[in-house]
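Residue numbers begin at 1 in each chain, while the letters A, B, ... track the order of the sequences.
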2 protein chains.
Amino acid sequence: MAEQRIRVVLVDDHPVVRAGVRALVDAQDDLDVVGEAADSAQAVAVVGETTPDVVLMDLSLGDGPGGAETTRLVRELPSPPQVLVLTTYDTEADVLEAVDAGAAGYLLKDAPPDELFRAIRGTARGETVLAPSVATRLLQRAASPTPKVSPREVEILRLLAKGLGNKEMARELLVSEATVKSHLSHIYTKLGVDTRAGAVATAIERRILRP
Amino acid sequence: MAEQRIRVVLVDDHPVVRAGVRALVDAQDDLDVVGEAADSAQAVAVVGETTPDVVLMDLSLGDGPGGAETTRLVRELPSPPQVLVLTTYDTEADVLEAVDAGAAGYLLKDAPPDELFRAIRGTARGETVLAPSVATRLLQRAASPTPKVSPREVEILRLLAKGLGNKEMARELLVSEATVKSHLSHIYTKLGVDTRAGAVATAIERRILRP
DNA sequence: CCAGGCATCATCCGATCGGCTATCCGGAGT
DNA sequence: ACTCCGGATAGCCGATCGGATGATGCCTGG
């Protein structure tokens, strides 16, 4: 049958991973790897030239714009491809950011090849494909919405990570110590922790703070 | 020429990565992938059967024993292979642990294929091969008086990041609270901080802890 | 053989933290 | 108009932390 082959572009900064996905995907009759990119700029260029059906997108692209931002960029091109995120992590922030950026699917790199193929085909058909672990996580979050941390609270977290005490933060932010304590309490509640150390760790994990 | 081909076994829990490395390595005249393993047990079995020259070892193998422990195991086999660690991270603790376990080299997965091939050949010849970034990091540590954090102290840091109190850590680690405090004091000194929050932030920044 | 790092434990004490309860103000949304 | 929320402030109190000091046993490397 003269079915149209599904045209795929790979975006990943790891040559090894690109080679792996290419080897696996190209071995499928109905799938074609028509381009590769190692960073955001290359990705936009290659997608623009090849107008693929599906882009396999890694989220961590080394320096420069990450996979989420790149997803946004390629989705803004004329006749945009579906984007299937294929990455190592399933940090909630990552997933949400990617989906928000217009990703149609989210797979983890430890997925068996079969699952990858099915995901590509599904994504090409416009379906939304989520890895089981990711789906589970998302449902959890949907049930209990992640409270957003206010700008002021982020300030506090920054100083917290520098190891400042309440008194010092108060001086730094030109407010009273009571205010700092108040903010901290709110932070604890929002992040689901009850110590400064836990808050810092969670904030970094949630990408509220940059390591 | 009838040079002996270098026989390679891959150990990685990601099918995609195995496929990638296999595709790249098998395309080289002098390199042969003679086996793959997805976890520690498989690795030991496959290495025992195939007696390869070089094992490419991922450090994170999902559940069960990690790459470092697995390295130790395969190095204890009769006529042990050289082990070349090929992983995503370059946490100092990981590097040291792997080297201590008998690894002959340490490469990052974002290395270009050429570098990978050179590393495999070098390792097979018994050379020690370190990725530039890893080598740099090691030298930095060697030059600057970065006190190394002991394994036990890393344990403490891990629990610290989870927001545990001294009492809870003590219970968790089956030691007295006094011991925990002692470790903490040492950690503070080594990391140049004086609070738990600062310790966590610095530990993550220094890649002693993974976010 | 001995220094030195690691891991363990103990006490003391002042400083700090975290929870609780309340109040006040101003802007955004209903 | 009224409510909700972020931000700021206050006081109280018990629990915890961090620093200082000192000691023991083990192992490793010079």
Side-chain angles (χ1 to χ4, degrees), chain A residues 144-203 206 208-209, chain B residues 68 72 92-93 96-97 99-102 138 141-203 206 208-209:
Chain A
S144 65
T146 304
K148 352 161 204 183
V149 182
S150 77
R152 197 56 160 175
E153 285 160 356
V154 175
E155 282 296 303
I156 296 279
L157 279 169
R158 254 195 44 241
L159 300 178
L160 197 53
K162 288 173 66 179
L164 300 196
N166 293 346
K167 204 163 292 180
E168 297 166 297
M169 295 194 220
R171 222 177 301 130
E172 191 77 25
L173 299 178
L174 303 172
V175 297
S176 87
E177 202 181 330
T179 304
V180 172
K181 290 189 61 175
S182 165
H183 286 313
L184 275 175
S185 282
H186 292 148
I187 291 173
Y188 293 155
T189 306
K190 290 181 179 179
L191 297 187
V193 299
D194 61 350
T195 66
R196 334 190 116 216
V200 169
T202 305
R206 295 256 238 277
I208 296 167
L209 290 180
Chain B
R72 210 179 301 276
E92 15 186 337
L96 293 179
E97 203 185 342
V99 170
D100 184 62
L138 279 185
R141 299 300 162 187
S144 73
T146 301
K148 21 180 181 156
V149 181
S150 77
R152 197 53 160 177
E153 285 159 355
V154 174
E155 281 296 303
I156 295 279
L157 280 169
R158 254 194 44 241
L159 300 179
L160 197 54
K162 288 174 65 178
L164 299 196
N166 294 346
K167 204 163 291 180
E168 298 167 296
M169 296 192 216
R171 224 176 299 130
E172 191 77 23
L173 299 179
L174 302 173
V175 298
S176 87
E177 203 181 329
T179 304
V180 172
K181 290 191 61 174
S182 168
H183 285 312
L184 275 175
S185 281
H186 292 149
I187 290 172
Y188 293 153
T189 306
K190 291 180 178 179
L191 297 187
V193 299
D194 59 352
T195 65
R196 333 188 117 215
V200 169
T202 305
R206 294 253 242 276
I208 297 167
L209 288 180

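The side-chain hydrogen bond (donor to acceptor under 3.5 Å, both in side chains) test applied to A:Ser150 returns A:Glu153, not counting sequence neighbours. Applying the side chain to side chain contact (heavy atoms under 4.5 Å, CB included) criterion to A:Ala161, with sequence neighbours excluded, gives A:Val200, A:Leu209, B:Ala201. Under the side chain to side chain contact (heavy atoms under 4.5 Å, CB included) criterion, B:Thr202 pairs with B:Leu191, B:Val193, B:Arg206, sequence neighbours left out. When the side-chain hydrogen bond (donor to acceptor under 3.5 Å, both in side chains) test is applied to B:Glu155, the partners found at least two apart in sequence or on another chain are B:Arg158.
Taking each heavy atom of B:Leu160 and B:Ala199 in turn, the nearest pair found is CD2-CB, 4.1 Å. When all heavy atoms are compared, the tightest approach of A:Leu159 to A:Met169 is CB-CG, 4.0 Å.
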How does protein reach along nucleotides 11-23 of chain C, written 5' to 3' as B (base within reach of a heavy atom under 4.0 Å), S (only sugar-phosphate), or - (no contact)?
-B---SSBB----
Measure all distances between protein nitrogen or oxygen atoms and nitrogen or oxygen atoms of nucleotides 26-30 of chain C, and list the pairs falling under 3.5 Å.
none

Please list, for nucleotides 3-6 of chain C, all pairs of protein and nucleotide N/O atoms separated by less than 3.5 Å.
unit_1 : atom_1 : unit_2   : atom_2 : d
C:dC6  : OP2    : B:Lys190 : NZ     : 3.3

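The CG-C1' distance, from B:Leu174 to C:dA7, rounds to 14 Å in whole Å. Atom CD1 in B:Ile156 sits about 15 Å away from atom C1' in D:dG18, given to the nearest Å. Distance, A:Glu168 CD to D:dG18 C1': 13 Å, rounded to whole Å. Here the P atom of nucleotide D:dG6 and the NE2 atom of A:His186 are 8 Å apart, to the nearest Å.
In the helix from C:dC1-D:dG30 to C:dT30-D:dA1, the rotation axis of the first five pairs and that of the last five pairs differ in direction by 60°, rounded to 10 degrees.
Proximity of B:Leu173 to B:Ile156: side-chain heavy atoms (C-beta onward) are separated by under 4.5 Å at one or more points.
Screening residues 159-172 of chain B for side-chain hydrogen bond (donor to acceptor under 3.5 Å, both in side chains) gives B:Asn166-B:Arg196 as the qualifying pairs, with residues at least two apart or on separate chains.
B:Thr179 comes within 4.0 angstrom of a base, heavy atoms only.
Distance check: B:Ile187 CD1 to B:Leu157 CG gives 4.0 Å after rounding to the nearest 0.5 Å.
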Pairs of donor and acceptor atoms involving the side chains of residues 177-184 of chain B, under 3.5 Å and at least two apart or interchain, shall be tabulated with distances.
unit_1   : atom_1 : unit_2   : atom_2 : d
B:Thr179 : OG1    : B:Ser176 : OG     : 3.3

